[in-house]
Amino acid sequence: MAGKVVFCSFFVACFVLLPTYILGTSEVLLHPQAQKAFQAFQRFEGEANSTVPVNLLKKILQMILAPDYIKAIKEAPGVSEECRSDFITYIYDKKNNSDYANRMYYSNGDHNFIKSLYRFNFVSLGNYELCTSVKEQAPYSPFETKQCAIAFWGFIVPIKSAVCVPVSCSTTDLWLITEAVIKENPIPDIGLKYLIYYECIDVVPWSAGAIVTMCILSIFAALVIAGTVYETVNNYLERHKTIQPTKVKRVVEPVTNNAYSNETFMSKTNEAMELKKDETSETSSGIDTGSASSVEANPNYGTIDVENVRSTDVHVQNSCTAFIEKLLMCFSATKNGSKVLNSGSAGGQLGCLNGIRVLSMWWVILAHTALFSAGNIDDYVFTDTIMTRFSFQVITNGTYSVDSFFVLSGLLITYLTLIHLKKTDGRMNWALFYFHRYWRLTPLYMIAIAINANLFVYFGKGLSMIGYQYFFHTACEKYWWTNLLYINNLYPFPGNLGEQCLSWGWYLANDMQFFVISPLLIVLLRKSWKAGFAAISALCLLSFAATASINTYWGLPIEGGWEQQKYNNRTDSTEYPDGDRVYGKPYCRIPAYLVGVSVGYVLYRLDKKQLKIPMMAVLLGWCAAVATGLAVIYGLWSTYDGHQVPQGVAVFYNTVARFSWSLAVAWVAFACITGYGGFANTLLSWSVWSPLGRLSYGAYLFHPLVIYGIVLTWKTEFHFTIPNYANLFIACMALSYAVAFVMSLIIEGPFMALEKLMLGKTKRE
């Protein structure tokens with residue numbers, strides 16, 4: 001047992017936690033020149049002036065490509081000689097209408113200020129394929145080409161234009177060229193050299209973090225292949241194995257009147273040994289030895305010569321072999337995949353929770369698809385008319401889907417733990433209770449962080465891919481350990497959700513923190529339901545008081561309201577003006593979890609008994625739940641006309657809205673479990689939800705990577721319409737679950753099996 005624990009602990013340390021240590025090194029994944037440019041521009045972020053018109057961007061592009069400023073480019077300090085030579089050649093050839101130079105020029109973004117203003121879109125991505133195919137279409141071109149973007153830093157809306165440049169020019173070279181040209185022809189009253197930055201679609205060299213992450217994933221994939229092949233071959237041999245009779249040399253004939261019975265017993269024993277091998281191979285490596293020994297010791301058969309008798313050393317060797325076989329079986333894709341895809345049982349009495357979980361996950365992906373694609377929309381004015389529709393409120397208020405998860409989490413942990421305590425007369429291995437949760441969540445979580453921080457830039461080519469990778473890689477260098485400890489929502493305080501190592505990991509931190517304190521409530525409820533509910537009520541009231549106080553003091557606007565302004569400027573003087581003061585904080589989000597804990601206890605007390613509820617009460621319950629849910633989701637539509645609600649209304653809504661939504665979800669779950677769900681229970685308990693529910697955790701971790709992987713590699717802006725948005729959502733959802741399934745086979749499933757292998761004896765005890 002100790003050997004198994006040490007082995008599995010070493011396994012985790014090497015293959016799960018190692019990526020996080022790689023993130024802590026000084027190596028940055030960005031191209032070195034691009035890194036310098038980002039660091040240079042960050043110093044001047046505060047000097048951005050939102051009054052800079054977009055036509056200045058067009059003017060700058062015309063200036064740096066004009067022959068009049070070649071002298072400035074020749075004298076620009078710090079520019080690489082290869083880039084300087086290629087850039088000057090390009091300018092001369094453009095003046096002479098060379099075909100390759102024209103292809104480069106006309107692949108650039110084309111800004112028209114009035115046109116951009118009407119659409120409120122100041123991004124022009126040009127023609128990527130025309131730029132990158134210059135050498136192919138015009139073989140006499142003196143250099144390879146790549147697409148970059150010139151942009152202004154620090155504006156509310158992005159101001160960006162694509163530009164085709166020689167591949168020899170880095171972002172730093174382009175910035176220095178632009179600075180030299182502007183010095184030659186200054187633009188009054190605007191420090192453009194501090195506002196301009198470049199981002200290019202460069203070839204990113206493989207970093208140590210990326211290589212190590214790939215090696216780790218490759219090792220796991222190889223183990224999965226080995227485990228799958230082993231199980232497949234083993235099953236094939238077992239199915240086609242013929243029963244071989246044991247060779248026995250009879251020396252002394254037995255003297256008995258029941259010889260026939262003894263011979264029959266011997267035959268049955270040998271046959272049983274062969275047929276039982278399939279069932280016992282995973283639990284005992286000595287079954288054949290034991291059977292043979294029992295036959296050999298039978299005095300009725302005299303002296304028996306049995307072939308291939310195992311010695312003690314061989315038995316120890318076989319034990320090690322059996323452990324390796326079990327270890328390989330932990331990685332079998334066939335075994336783990338069948339567990340995930342099994343829809344034979346939808347969860348019994350609690351089957352409706354699968355439907356709630358999956359639909360909530362779809363809601364999360366639906367909202368994030370709209371949010372993450374917002375930066376690449378071609379017409380913000382038209383999109384604004386869509387997003388302010390009454391029907392679209394279910395998407396703009398998609399954050400309430402997370403509260404549904406909190407309700408389900410509190411319900412399940414309370415219900416299942418109380419049942420276990422009842423069966424064991426109050427005994428519980430609380431260390432194992434916490435270990436199981438940490439082991440269940442952390443490996444896949446750390447792999448998601450490693451992929452996001454190290455490998456994302458290799459998923460495709462796009463103007464913002466390197467910037468995205470640089471941002472998260474830098475954040476993970478500083479704060480990866482907060483994710484490992486599940487305190488990333490609290491440190492640094494108050495922090496910003498968008499600046500975390502894995503920005504959507506705030507939910508996991510909250511859920512783990514609620515899980516840590518859940519035994520206190522569960523034990524208290526088991527001893528005295530009055531004391532338990534008093535504690536739950538006290539925690540809810542304290543949370544309401546904290547949420548209301550924070551909203552009032554900082555003047556926070558109403559959540560989900562359209563164009564609502566802060567009620568005071570207290571946050572402006574802080575380090576985090578837009579810091580996360582409420583949304584990701586456990587003391588503001590715990591009421592939803594406490595609602596789940598309360599429902600879980602009530603279901604436990606019912607003990608699967610049929611609850612008699614008057615039909616009128618059931619009808620009122622459903623009406624109240626539906627009305628509450630609709631009010632929370634659609635109640636803010638009146639703010640979309642630009643009307644600023646009073647601060648008291650904003651504080652009240654921000655304090656009780658999520659609690660109210662949680663009550664509505666809790667009623668749906670309670671009614672369905674107790675037999676008053678009707679068609680809702682039939683739908684939510686559908687067996688199809690069961691395998692999808694098992695993939696929810698992986699889908700949550702990886703769906704942002706899928707969405708960003710699609711959005712950031714777009715070479716044109718996205719025209720936002722309902723059909724286009726629906727197609728994008730379906731694609732993102734399908735790919736998210738596909739990635740979740742693959743990661744379940746490689747990481748999640750094997751680690752759950754490893755836990756059983758490592759702690760199987762302890763858990764049985």
Side-chain angles (χ1 to χ4, degrees), residues 353 356-357 360 363-364 397-415 417 486 489-490 494 497 506-522 524-525 529-554 556 558-560 580-603 621 624-633 635-636 648-670:
L353 302 186
I356 298 175
R357 178 183 295 108
S360 297
W363 195 7
V364 171
N397 288 303
T399 60
Y400 290 95
S401 57
V402 180
D403 296 279
S404 301
F405 285 122
F406 286 142
V407 173
L408 297 182
S409 183
L411 188 158
L412 283 171
I413 195 62
T414 303
Y415 179 77
T417 304
Y486 293 91
N489 61 332
L490 296 174
L497 291 180
W506 70 269
Y507 162 76
L508 298 177
N510 277 271
D511 193 60
M512 180 63 78
Q513 289 156 11
F514 299 155
F515 179 83
V516 168
I517 67 171
S518 63
L520 301 176
L521 297 174
I522 293 171
L524 195 59
L525 283 169
W529 70 268
K530 292 181 180 180
F533 276 104
I536 290 173
S537 300
L539 286 175
C540 274
L541 291 176
L542 289 173
S543 177
F544 293 155
T547 305
S549 300
I550 294 171
N551 277 273
T552 302
Y553 179 80
W554 295 108
L556 303 181
I558 195 168
E559 289 187 16
D580 170 36
R581 292 175 170 81
V582 171
Y583 187 80
K585 296 299 180 279
Y587 43 80
C588 296
R589 302 302 295 265
I590 196 172
Y593 191 86
L594 296 176
V595 169
V597 171
S598 302
V599 176
Y601 175 77
V602 172
L603 293 174
V626 172
T628 301
L630 292 176
V632 170
I633 301 302
L636 296 180
V649 175
V651 171
F652 177 78
Y653 183 89
N654 291 345
T655 302
V656 303
R658 299 190 179 280
F659 176 74
S660 301
W661 172 262
S662 303
L663 291 176
V665 174
W667 167 260
V668 173
F670 177 79

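Predicted model only: the values in this text are computed from it and were never measured.
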Would you mind reporting whether [Y] and [X] have side-chain heavy atoms less than 4.5 Å apart?
X: Asp511; Y: Phe405; value: no
X: Arg589; Y: Val582; value: no
X: Thr547; Y: Phe659; value: no

*Taking the side chain from Asn654 and the backbone from Glu559, do they hold a donor-acceptor pair closer than 3.5 Å?*
yes
*So, does Lys585 use its side chain to make a donor-acceptor pair with the main chain of Leu490 at under 3.5 Å?*
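Not a single qualifying donor-acceptor pair exists.
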Result block: side-chain N/O donor-acceptor pairs under 3.5 angstrom for residues 590-601, not counting sequence neighbours:
unit_1	atom_1	unit_2	atom_2	d
Ser598	OG	Leu594	O	3.0
Tyr601	OH	Arg605	NH1	2.6

*asked:* Do Thr399 and Arg658 pair up side chain to side chain, a donor and an acceptor below 3.5 Å, judged on atom types alone?
replied: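 Checked: Thr399/Arg658 side chains pair up, N/O donor to acceptor below 3.5 Å.
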Separation of [Y] [atom2] from [X] [atom1] (nearest 0.5 Å):
X: Ile633; Y: Asn397; atom1: CD1; atom2: CG; answer: 5.5 Å
X: Ser660; Y: Tyr653; atom1: OG; atom2: OH; answer: 9.0 Å
X: Asn510; Y: Phe406; atom1: CG; atom2: CZ; answer: 4.5 Å
X: Ser404; Y: Ile356; atom1: OG; atom2: CD1; answer: 7.5 Å
X: Leu636; Y: Ile558; atom1: CG; atom2: CD1; answer: 4.5 Å

*Take Leu353 and Leu412 through the test side-chain contact (heavy atoms from CB on, under 4.5 Å) and record every step on the way to the result.*
CA-CA 9 Å; Leu353 302 186; Leu412 283 171; 3.5 Å; yes
Testing the basics here: between [X] and [Y], what is the closest heavy-atom pair and its distance to 0.1 Å?
X: Ile550; Y: Tyr587; value: CD1-CE1, 3.8 Å
X: Ala535; Y: Leu524; value: CB-CD2, 3.7 Å
X: Val632; Y: Ala657; value: CG2-O, 3.8 Å
X: Ala669; Y: Leu411; value: CB-CD1, 4.2 Å
X: Ala625; Y: Trp667; value: CB-CD1, 3.5 Å
X: Leu525; Y: Ile536; value: CD1-CD1, 4.2 Å

Suppose we screen for ring-ring contact (aromatic ring centres under 6.0 Å, His included). Which residues come up paired with [X], at least two apart in sequence or across chains?
X: Tyr583; value: Trp506
X: Phe652; value: none
X: Trp554; value: none

*Could you pull out all residues at least two apart from Arg357 that satisfy side-chain hydrogen bond (donor to acceptor under 3.5 Å, both in side chains)?*
Asn354
Run the side-chain donor-acceptor check on residues 512-522: report pairs under 3.5 Å with partners two or more places apart or on a different chain.
unit_1	atom_1	unit_2	atom_2	d
Gln513	OE1	Asn489	ND2	3.2
Gln513	NE2	Tyr486	O	2.9
Gln513	NE2	Asn489	OD1	2.8
Ser518	OG	Phe515	O	2.6

